Amino acid sequence: QLQLVESGGGLVQPGGSLRLSCADSRFTLDGYAIGWFRQAPGKEREGVSCISSSGGTTNYADSVKGRFTISTDNAKNTVYLQMNSLKAEDTAVYYCAARLSGCSDYIIAYKYWGQGTQVTVSS
């Protein structure tokens, strides 16, 4: 099975940017939809973005639309989440997850999960 690893988290000031990466060094991500989720303290895990296995469809939560961009680099077998204009409310642990074929709104639909990477937006 896939072993997803997130990276790129850290501390950033409001208005700043980060780029998160989700990669699997052993197996191809071809054929999988990749979703980004986040969980802030005291809150439910929520969907942030997703890209379909074909790359032809992307989804964004309303809270991040226009600020975040999901993309893939097939040569690097990596999915990215570019986060711009970060706000304090973006602070959370960010997870990537994979499921076969298509994006889903439901956390339980994703079979494979990374360990998460912390994003903290603070002055």
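Quick caveat, the model's predicted, so the values are computed rather than measured.
- Every residue two or more places apart in sequence or in another chain was checked for a side chain to side chain contact (heavy atoms under 4.5 Å, CB included) with A88, and none qualifies.
- Following chains of ILVMFWY side-chain contacts shorter than 4.5 Å, one can reach W113 starting from V93, so the two form part of one hydrophobic cluster.
- Under 3.5 Å, the side chains of S122 and T120 contain no donor-acceptor pair of N or O atoms.
- For residues 46-60, the set of pairs meeting the salt bridge (charged side-chain N to carboxylate O under 4.0 Å, His left out) definition, not counting sequence neighbours, comprises R38-E46.
- Of all the heavy atoms in T117 and G8, the pair that sits closest is OG1-N, 4.3 Å.
- Listed by first and then second residue, the salt bridge (charged side-chain N to carboxylate O under 4.0 Å, His left out) pairs that reach into residues 48-66 are D62-K65, sequence neighbours excluded.
- The disulfide bond (SG atoms under 2.5 Å apart) pairs that include a residue from residues 2-35 are C22-C96, where partners are two or more places apart or lie in different chains.
- One distance of note links CG of L11 with CG of L18; it measures 9.0 Å at 0.5 Å rounding.
- A single hydrophobic cluster is seen to contain both L100 and I34, as judged by linkage of ILVMFWY side chains at heavy-atom distances under 4.5 Å, directly or through other members.
- L29 is connected to W36 through a chain of hydrophobic side-chain contacts under 4.5 Å among Ile, Leu, Val, Met, Phe, Trp and Tyr, so both are in one cluster.
- By the side chain to side chain contact (heavy atoms under 4.5 Å, CB included) test, S25 pairs with no residue at all, sequence neighbours left out.
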If you look only at distance, which donor and acceptor atoms sit under 3.5 Å apart when one is on a side chain in residues 102-111 and the other is two or more places apart or in another chain?
| residue | atom | partner | partner atom | Å |
| --- | --- | --- | --- | --- |
| S104 | OG | Y106 | N | 3.1 |
| Y110 | OH | S104 | N | 3.1 |
| Y110 | OH | S104 | O | 3.0 |

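- Among pairs with a residue in residues 70-79, none fulfils side-chain hydrogen bond (donor to acceptor under 3.5 Å, both in side chains), at least two apart in sequence or across chains.
- Residue pairs satisfying the salt bridge (charged side-chain N to carboxylate O under 4.0 Å, His left out) criterion with at least one member in residues 4-31, sequence neighbours excluded, are absent.
- Scanning for side chain to side chain contact (heavy atoms under 4.5 Å, CB included) contacts around K43 gives A40, with sequence neighbours left out.
- The two residues A97 and F37 come nearest to each other via the heavy atoms CB-CE1, 4.0 Å.
- With rounding to the nearest 0.5 angstrom, the CG atom of L81 is 8.0 Å from the OG1 atom of T69.
- Taken from CD in Q82 to CG in L20, the straight-line distance is 8.5 Å, to the nearest 0.5 Å.
- For residues 39-83, no pair satisfies ring-ring contact (aromatic ring centres under 6.0 Å, His included), with sequence neighbours left out.
- Y32 meets the ring-ring contact (aromatic ring centres under 6.0 Å, His included) test with Y112; sequence neighbours excluded.
- When side chains are defined from C-beta on, L4 does not count as touching Y95, because their heavy atoms never get closer than 4.5 Å.
- Transitive grouping of hydrophobic side chains (ILVMFWY, heavy atoms separated by less than 4.5 Å) brings I51 and L2 into a common cluster.
- In this structure, the side chain to side chain contact (heavy atoms under 4.5 Å, CB included) partners of V121, at least two apart in sequence or on a different chain, are V12, P14, L86, D90, T91, V119.
- Here the shortest heavy-atom pairing between G31 and S53 reads C-CB, 3.5 Å.
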